[in-house]
Amino acid sequence: MKKILVTGACGQLGSELSSALAEQYGLENILISDISQPERHLSKFNFSRLDVLNHQAVDQLIREQKIEVVYHLAAMLSASGESRPRNAWTLNMDGLINVLEASRDNQVDRVFWPSSIAAFGSHTQSTDTPQYTIMDPETVYGISKLSGELWCQYFYDRFKLDVRSLRYPGLISYKSPPGGGTTDYAVSIFHSAVKKEVFECFLHQDTKLPMMYISDAIRATIELMAAPRENITVHTSYNLSAFSITPRELTEAIQLHYPSFSSIYKPDFRDLIAKTWPHNLDDSSARKDWNWRHQFELPQVVEVMIRNLNV
Ligand code: SER
């Protein structure tokens, strides 16, 4: 079994991905790391505190622990990034380059790094966004994702490092709280619904964004990383898609469970960010190269979220 390192393991994606990797590859083969201490639900994991901005520490951990596969998730999301642009750039870029260099220098077998719909911008074709198209991101997070994709491709071309990546849509999950993203309204809304509160939405009611249930995102990640090397034709980052919704549609879907639930709309700077992102993506390369199929549609996601938060 290969020894796996997950950075940013305490985040929304990291905490669920770590558990899925442990189930698939054995708890003893997973080392989780983060800048902050893990919460109780991650206490079963081997944990090593890691600041991904410390190049030497990243290199040492990978070398000493004989890491063969890295999932590098430590990053700052879009909305948080806009309040601290320079910090977001440093964390997202230097963190990635530190991991890529340490992986190259220690013969790591495979690296995963998440990109995002935020890598696109307002001149991108917003419907059925092609795999290769105009990309002119307007947030520092998006700029770091587009640049990061190109760094990943550069390390593949130049050093033969097997780096793989997905452009995640907004991820909906119940296990960890929302973490500073523009798509996070689609998580917070469920917390309001189960508490019988009116939801105050920071997006306009008709702002449409692509979304995905976390289990699909985790499965996509594990399937991409397990695919034979020769099947991978995209070395920047694969478009990945499930369903698309507006806040109004999500509110209506929740009202099928809680008829008196309602949302009020107070669009702020996050709505301007969301309006530069695609409505839905053409993910046919992922479907063709490694057989990607999403499973969760909106009604199932609403049901699962309400069932699990309502305890
Ligand atoms: N979900 C992220 C965000 O909203 C985008 O990748 O920041």
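We count ligands from 1, going down the list as the structure has it; atoms in each ligand are counted the same way.
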A.B. asks: Could you go through Ser115 and Glu149, starting from their C-alpha distance and side-chain angles, then the distance that decides it, and tell me whether this counts as side chain to side chain donor-acceptor pair (under 3.5 Å)?
C.D. replies: CA-CA 7 Å; Ser115 186; Glu149 288 188 8; 2.7 Å; yes
A.B. asks: Which atoms from ligand 1 have a heavy atom of Ser116 less than 4.0 Å away?
C.D. replies: 5 (C), 6 (O)
A.B. asks: Among all protein heavy atoms, pick the one closest to atom 1 (N) of ligand 1 and tell me residue, atom and distance.
C.D. replies: Thr183 OG1, 2.8 Å
A.B. asks: Do NZ/NE/NH1/NH2 and the carboxylate oxygens of Arg248 and Asp206 come within less than 4.0 Å?
C.D. replies: yes
A.B. asks: Asp184 to ligand 1: N or O pair under 3.5 Å?
C.D. replies: no
A.B. asks: For Ser78, counting its heavy atoms only, list the atoms of ligand 1 lying under 4.0 Å from any of them.
C.D. replies: 3 (C), 4 (O), 7 (O)
A.B. asks: For this output row, return yes or no: ring centroids of Trp113 and Tyr71 closer than 6.0 angstrom.
C.D. replies: no
A.B. asks: Give a yes-or-no answer on whether the side chains of Ser144 and Asn92 include a donor-acceptor pair shorter than 3.5 Å.
C.D. replies: yes
A.B. asks: Do Tyr174 and Asn310 get their side chains close enough for a donor-acceptor pair, meaning under 3.5 Å?
C.D. replies: no
A.B. asks: Please state which part of Trp277 comes within less than 4.0 Å of ligand 1, counting heavy atoms only: side chain, backbone, both or neither.
C.D. replies: side chain
A.B. asks: List every atom of ligand 1 that sits less than 4.0 Å from any heavy atom of Thr182, numbering the atoms from 1 in the order shown and giving each element.
C.D. replies: 3 (C), 4 (O), 7 (O)
